[in-house]
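Both backbone and side-chain heavy atoms feed into the values below; hydrogens, waters and symmetry mates do not. The sequence lines fix the lettering, A, B, ..., with proteins before strands; numbering per chain opens at 1.
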Amino acid sequence: MKSRIEKLLKLAVNELAGRDVLSDPGMVDILVEKPSKKEFGDFTTNVAMLIASAEGKPPRDIASMIVNTIRDSHVDIFSSVEIAGPGFINFRVSPAYWVGVLKDILNNKDDYGKSAYGKGKRVQIEFVSANPTGPLHVGHGRGAAVGDTLANILKATGFHVETEYYINDVGNQMNTLGRSVFARYLELLGRKLDFPEDGYQGDYIKDIAEEIRKRYHDDLLHYSTDEAVALCRDFASDVILEGIKEDLDLFGIKFDRWFSEKVLHEDGKIQQAIDTLASRDLVYNSDGALWFRSSRFGDEKDRVVRKRDGTLTYFASDIAYHMDKLARGYDTIIDIWGADHHGYVSRMRAAVKALGGSERSFHALLIQLVSLERAGRPVYMSTRKGEFVTLREILDEVGKDAARYFFLMRKCDSHLVFDLELAKKKTEENPVFYIQYAHARICSILRKASEMGMVPDVDGADLDYVSKGDDLELIKVLAGYPSLLVSCARSMEPHHVSFYLLELAGLFHRFYNKNKVISDNKELSLARLCLVDAVRQVLVSGLSIMGIDAPEVM
RNA sequence: GCGCCUGUAGCUCAGUUGGAUAGAGCAACGGACUUCUAAUCCGUAGGUCGGGCGUUCGAGUCGCCCCAGGCGCGCCA
């Protein structure tokens, strides 16, 4: 609807320009939005004011010319088009149009809300990408929920999406993992060895050591330390990665691709990336290290890719990894990182640009910290001591649905306070419960109707019965669903879906308390069954985009 | 010191290229079950949009300067 009005406005503005009333029609973006007050109508635009300030003419005059042009085009979807305030043009859409929307929803079923906005462009989205040195914690959970939901939104709006998890399975932290596990292994065999200073402290390290002891008994004592550490490292990495996959599975997340950093090394891709940069004179030697001229591409300073000791930096792998992504020909690359990596964004963007990616093809979304509370009291976490709260613990305590909803109820770059008690509550205080309850209520109504021999039937019902009052309010919110998804896709902000569903559920609960769906009025009942079925459909659709179940009975 | 993010009702937060009298949920207070699920709903109250200056017809939104909190500024990952 919104885009339809935008097209009409564009035609009108172009026509005025053709009649020399206006000079340059292309200079303003036409934007239609929802007015701040219901009294102002269903849609509004400020184009007249924008043109007026560009042309130096009175806004209301421009507005009236636009309105007359639209009236002349004999479009019958409006019940009124008015000029208001300083020069807004307000549109009120006719009831017949809204009824058409309702039919559209019911006929399109699960496809309602989907659009071709993305035009099939290929988007690659990488998220979680936690090192296989320990289980996923709460922060990874937020990144996972945001990434997966964004992927779903982009799919629904016509993008071709691929999701990917990058495994940092090489480097110092992996050796530290190996040494930590080996130390615990020796401990199990009664040998005392100093635990590495920077070692991983969690109990899961001990569990892994125990598994190694069960399988290899004391064999490792006969290995060289390097061999033993390497075995522990690889064993632990495999076990932990399996655990991560299990956790993600419980969280409802499947990746299209798991990309190993180790493979990049083995295939010589990192050297290739450096060679590529070198061939463009974008690296140089200094102080015995090899530097990438990232400052030429907007970074604050140049960055080292090969250290003086000959080893490669983490950044070098990332350059190679992103070169690989670019080679795969995506139109857009989205990386989702923890907010503590924000210092990394400009150098990564520089690398992408240096490798031929466009300014707009690379996006880094930063996920702010999650702090946990239990009924208002903070739950403290310390990764260093291994006392972090894992994603698994959250899932075990509050369940997948609540966890996913809570992770998505804030803009991703604001801090999130996750209250575990609230997430478990079965009352209206808990938004995810409130939304699911609305869905279950509708299912209950549909069951009852079905027992009475009534089913929602678009063609059999006279939908004019629901084209006014509270019924119409529901249709209007349902009608906004497709453009909501487009707006989420454009801004890459999935959190709006959670707000939308809360609004829709609230509107339904109010409707329910005020109006009977099944009543003595058979015609009205049949029409309202269609209406609530449409609400149910959109609730299911929105929840499924967020990866949340829609129970039929609660 | 430099950079990024955040600052909106008691709490947690929305607010889409600058637009009409700044919104929601929770908490608080007062009400509604002979009912398709009261696990819900209705009503009341709640604000110097961190502060200041500026840009303009118009600023929560843009610019500059302060204040507060978080994070980042390695040949660490």
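Each of A:Phe433 and A:His415 has a nearest nucleotide on RNA chain B; the 5'-most of these lies closest to A:His415.
Looking at A:Glu493 and A:Lys411, no side-chain N of the basic residue comes within less than 4.0 Å of a carboxylate O on the acidic one, giving no salt bridge.
A donor N or O paired with an acceptor N or O is not found under 3.5 Å between the base of B:G72 and the side-chain atoms of A:Asp340.
Classified by interplanar angle (parallel below 30°, tilted 30° to 60°, perpendicular above 60°), the ring pair A:Phe407/A:Phe418 is perpendicular. Relative orientation of the A:Tyr437 and A:Phe433 rings is parallel, given thresholds of 30° and 60° on the angle between their planes.
Across all strands shown, A:Asp309 has no heavy atoms under 4.0 Å from either base or sugar-phosphate atoms. Heavy atoms of A:Asn90 sit under 4.0 angstrom from at least one base atom. Across all strands shown, A:Val305 has no heavy atoms under 4.0 Å from either base or sugar-phosphate atoms. No contact: A:Ser491 has no heavy atom under 4.0 Å from any strand. No contact: A:Ser487 has no heavy atom under 4.0 Å from any strand. Among the atoms of the strands shown, none is found under 4.0 Å from any heavy atom of A:Thr311. Counting non-hydrogen atoms under 4.0 angstrom, A:Phe40 reaches a base of the nucleic acid. A:His341 comes within 4.0 angstrom of a base, heavy atoms only. At a threshold of 4.0 angstrom between heavy atoms, the contacts of A:Ala84 include nucleobase atoms, whether or not backbone atoms are also involved. Using a 4.0 Å heavy-atom cutoff across all strands shown, A:Ala440 reaches at least one base atom of the nucleic acid. Using a 4.0 Å heavy-atom criterion, one finds that A:Asn515 contacts the bases of the nucleic acid, with or without backbone contacts as well. Using a 4.0 Å heavy-atom cutoff across all strands shown, A:Phe499 reaches sugar-phosphate atoms only and no base atom. Nucleic acid contact class of A:Lys448 (heavy atoms, under 4.0 Å, all strands): sugar-phosphate only.
B:U8 atom P lies 11 Å from atom NZ of A:Lys411, rounded to whole Å. Computed from coordinates, the A:His439 NE2 to B:A39 P distance equals 19 Å when rounded to whole Å. Taking atom CZ of residue A:Phe406 and atom P of nucleotide B:C13, one finds them 12 Å apart after rounding to whole Å. Spacing between atom CG of A:Leu502 and atom P of B:C13 amounts to 15 Å, rounded to whole angstrom units. When the P atom of B:C75 is taken as reference, atom CD1 of A:Ile319 falls 14 Å away, rounded to whole Å.
Ranking B:U40, B:A14, B:C76 by closeness to the A:Arg441 side chain, first place goes to B:U40. Of the candidates B:C36, B:C26, B:A77, the closest approach to any side-chain atom of A:Thr313 belongs to B:A77. For A:Tyr314, whose side chain is taken as the heavy atoms from C-beta onward, the closest listed nucleotide among B:G19, B:A77, B:C13 is B:A77. When the nucleotides B:G70, B:C36, B:G19 are ranked by their closest atom to the side chain of A:Ile518, B:C36 comes out on top. The A:Lys516 side chain lies nearest to B:U35 when the options are B:C76, B:A14, B:U35. Between B:U6, B:C26, B:G70, one nucleotide has an atom nearer to the side chain of A:Leu369 than all others, and that is B:G70.
Taking atom P on both B:G15 and B:G58, the two are 26 Å apart, rounded to the nearest angstrom. B:C49 and B:U8 have their C1' atoms separated by 4 Å, with the value rounded to a whole Å. Atom name C1', nucleotides B:C36 and B:G43: the rounded distance is 25 Å, in whole Å. Nucleotides B:A14 and B:A9, compared at atom P, are 12 Å apart to the nearest Å. A distance of about 45 Å separates the C1' atoms of B:U35 and B:G19, rounded to the whole Å. Using atom C1' as the reference point in both B:C41 and B:U61, the two lie 35 Å apart (nearest Å). Here, B:C66 and B:A28 have their C1' atoms 36 Å apart, quoted to the whole Å. Look at the C1' atom in both B:C2 and B:U21: the space between them is 43 Å, to the nearest Å.
Look at B:G46: it lacks any Watson-Crick or wobble partner with both distances under 3.5 angstrom. Across every strand in view, B:A32 sits in a pair with B:U40 that passes the Watson-Crick or G-U test at under 3.5 angstrom. Using Watson-Crick or G-U wobble geometry with both donor-acceptor distances under 3.5 Å, B:G18 finds no partner in any strand shown. Base pairing analysis places B:C4 opposite B:G70; the two distances defining the Watson-Crick or G-U wobble pair are each below 3.5 Å. The nucleotide B:G58 finds no pairing partner, because no Watson-Crick or G-U wobble arrangement with both distances shorter than 3.5 Å includes it. Nucleotide B:G10: paired with B:C26 (Watson-Crick or G-U wobble, both distances less than 3.5 Å).
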Check: protein-nucleotides 59-62 of chain B nitrogen or oxygen pairs below 3.5 Å:
none

Could you go through nucleotides 42-46 of chain B and list every protein N or O atom that sits under 3.5 Å from one of its N or O atoms, giving the distance for each pair?
{"residue": "B:C42", "atom": "OP1", "partner": "A:Arg510", "partner atom": "NE", "Å": "3.3"}

With 3.5 Å as the limit, what N/O pairs link the protein to nucleotides 1-4 of chain B?
{"residue": "B:G3", "atom": "N2", "partner": "A:His342", "partner atom": "NE2", "Å": "3.0"}

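Remark: side-chain polar atoms of A:Gln173 are paired, donor with acceptor, to backbone N or O of A:Asn168 under 3.5 angstrom. Checking side-chain atoms of A:Thr157 against main-chain N and O of A:Ile153 turns up a donor-acceptor pair under 3.5 Å.
Applying the 4.0 Å criterion to OP1 and OP2 of B:A38, one finds that A:Tyr512 has a side-chain N or O inside that range. Contact between the side-chain N/O atoms of A:Ser414 and the OP1/OP2 oxygens of B:A14 is found at a separation under 4.0 Å. The phosphate of B:C26 has neither OP1 nor OP2 within less than 4.0 Å of any side-chain N or O from A:Lys425. Considering only side-chain N and O atoms, A:Tyr434 lies under 4.0 angstrom from the phosphate OP1 or OP2 of B:C41. Residue A:His509 places no side-chain N or O under 4.0 Å from the OP1 or OP2 atom of B:G25. Between B:A39 and A:Lys424, no contact under 4.0 Å exists linking OP1 or OP2 to a side-chain N or O.
By the stacking rule of 5.5 Å between ring centres and under 30° between planes, A:Phe88 does not stack on the base of B:G19.
Between A:Phe259 and A:Tyr321, the ring center distance clears the sub-6.0 Å criterion.
Remark: A:Arg441 pairs with no residue by the salt bridge (charged side-chain N to carboxylate O under 4.0 Å, His left out) rule, at least two apart or across chains.
Side-chain atoms of A:Glu261 and A:Ser317 include a donor-acceptor pair closer than 3.5 Å. A:Gln537 and A:Tyr481 share no side-chain donor-acceptor pair at under 3.5 Å.
Residue pairs meeting the salt bridge (Lys or Arg N to Asp or Glu O under 4.0 Å) criterion with at least one member in residues 506-518 of chain A, sequence neighbours excluded: A:Asp470-A:Lys514. Annotation: salt bridge (Lys or Arg N to Asp or Glu O under 4.0 Å) contacts involving residues 301-320 of chain A, sequence neighbours excluded, comprise A:Asp299-A:Arg303.
Applying the 6.0 Å contact sphere to NZ of A:Lys424 captures more than 12 heavy atoms from other residues, nucleotides or ligands.
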